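So the structure is just underneath, and the comments pick up after that.
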Amino acid sequence: MDLYRHSINVILNNQDKGGAFIASPAFPTYRYCWLRDGSFIAHAMDRAGEHESSEKFFRWVGSTINRYAAKVDILTAQLQAGKIPDNRGILNTRFTLDGFEENVDSQWGNFQMDGYGSWLWGLAEHLRSTRNYALLDELIDPINVTMHYLKLVWQLPNYDCWEEHPEYLHPYSLATTYGGVAAIADLKAAGKLSSCTFDAQGFADEIKAFLTDHAILNGKFIKHLWPAKEGQATTPVIESGVDASLLGLAVPYHVFDLSNTAIIGTVQSIEKELHLLHGGVYRYKEDVYYGGGEWILLTAWLGWYYALTGEKTRASELLKWIENNAEPNGDLPEQVSDHMLAPIFFEPWRKKWGSIASPLLWSHAMYILLVRSIEDMKAQEVC
Ligand code: BGC
């Protein structure tokens, strides 16, 4: 089984004709397109040379954001009136494949800002590899809407990337915002985006300073932050500990360098608390979703980090673990249940939503990204 080729096919076969990527075709709750998953999937398609697929996705994002752009005016009015933003003003985290808000589950935690930074970052990566800057003219409206939206929401509590904890701010989500905004700043500096009047560089600097000042505790990044209120500054939520998604602060959103001491401290803590010896990577210690298994996409993410730091053995070991945990037909699930953190929670979730999502397109995407980054590392060794 050529898992790399299979991964590309799983993604291509599950891309809607309009460009949306379904999160997982066989898992009813995931029959939508999330901007978070989609941005990584599009990036994987770019790295695999499948640029048509990623371009279609970015066009889909653009038209979807345009459809709901007026919500940002409502949000502005809500905030000016000192109100807590509600569904009328926030941009959703997931959409139907034809680009409409999903309205089956009105309780879904739709206020998750990370996908909005991620798509800007993914778009800039797409342009870096294709040089198709004409796409920027086409997407200038949704880019401006997104920048405006992020400026309004970045310090508001919202759901994290696991769709939990709406009471806090999340360094991961802030990192995606930085990644997107800094990418726009770079495009402006390169003269590719003169019609964007936003001070993107100033905004990116502000987010980085905020993370530097508030998100580091005992030499590493922390999962959640208390938002500032009534004269009290933002503070780390001490008990929130480490989360594997904090890798995003370095890879790929590059708020901080791979050699930053707090990044190194965070990776050490992920290794100690969330990575089983010769195994996969958990999301966070208290995870109970489907019993809290090891996640394919996070295992690939840690491998991606090691490929970039030149730690070939570690990266290859993580790659092997993923390959060993593919289904017989090559599909990659969301998580693997051999060593669950909280096994008693597996069955209740299975009863509620069915078997673990598989194939999960985001898992396949991260596998592709890991394969490509290991290839890059090998090519550099030869040079
Ligand atoms: C995860 C999200 C993901 C979604 C779709 C959820 O269970 O927590 O991060 O975007 O599934 O894959």
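Not measured: the values here are computed from a predicted model. First listed ligand is number 1; within each ligand, the first listed atom is number 1. Heavy-atom basis, side chains included; hydrogens, waters and symmetry copies ignored. Counting from 1, the numbers follow the sequence of the chain as shown.
Checked for salt-bridge contact, Arg47 and Asp376 meet the test: a charged N lies under 4.0 Å from a carboxylate O.
Hydrophobic side-chain contacts under 4.5 Å tie Val237 into a cluster, directly or through other members, with Tyr168, Trp226.
Using cut-offs of 30° and 60° on the angle between ring planes, the pair Trp34 and Trp108 is perpendicular.
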For ligand 1, output the ligand-protein N/O contacts shorter than 3.5 angstrom; if there are none, return none.
{"residue": "ligand 1", "atom": "7 (O)", "partner": "Tyr30", "partner atom": "OH", "Å": "2.5"}
{"residue": "ligand 1", "atom": "8 (O)", "partner": "Arg283", "partner atom": "NH1", "Å": "3.4"}
{"residue": "ligand 1", "atom": "9 (O)", "partner": "Arg36", "partner atom": "NE", "Å": "3.2"}
{"residue": "ligand 1", "atom": "9 (O)", "partner": "Cys161", "partner atom": "O", "Å": "2.6"}
{"residue": "ligand 1", "atom": "10 (O)", "partner": "Arg36", "partner atom": "NE", "Å": "3.1"}
{"residue": "ligand 1", "atom": "10 (O)", "partner": "Arg36", "partner atom": "NH2", "Å": "3.2"}
{"residue": "ligand 1", "atom": "10 (O)", "partner": "Asp37", "partner atom": "OD1", "Å": "2.6"}
{"residue": "ligand 1", "atom": "11 (O)", "partner": "Tyr30", "partner atom": "OH", "Å": "3.1"}
{"residue": "ligand 1", "atom": "12 (O)", "partner": "Asp37", "partner atom": "OD2", "Å": "2.6"}

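Residue Ile238 places its CD1 atom among 12 or fewer non-hydrogen atoms of other residues, nucleotides or ligands, all under 6.0 Å distant.
A donor atom on one side chain and an acceptor atom on the other are not found under 3.5 Å apart for Thr130 and His51.
Under the 6.0 Å cut-off for aromatic ring centres, His165 and His224 qualify, their centroids lying closer than that.
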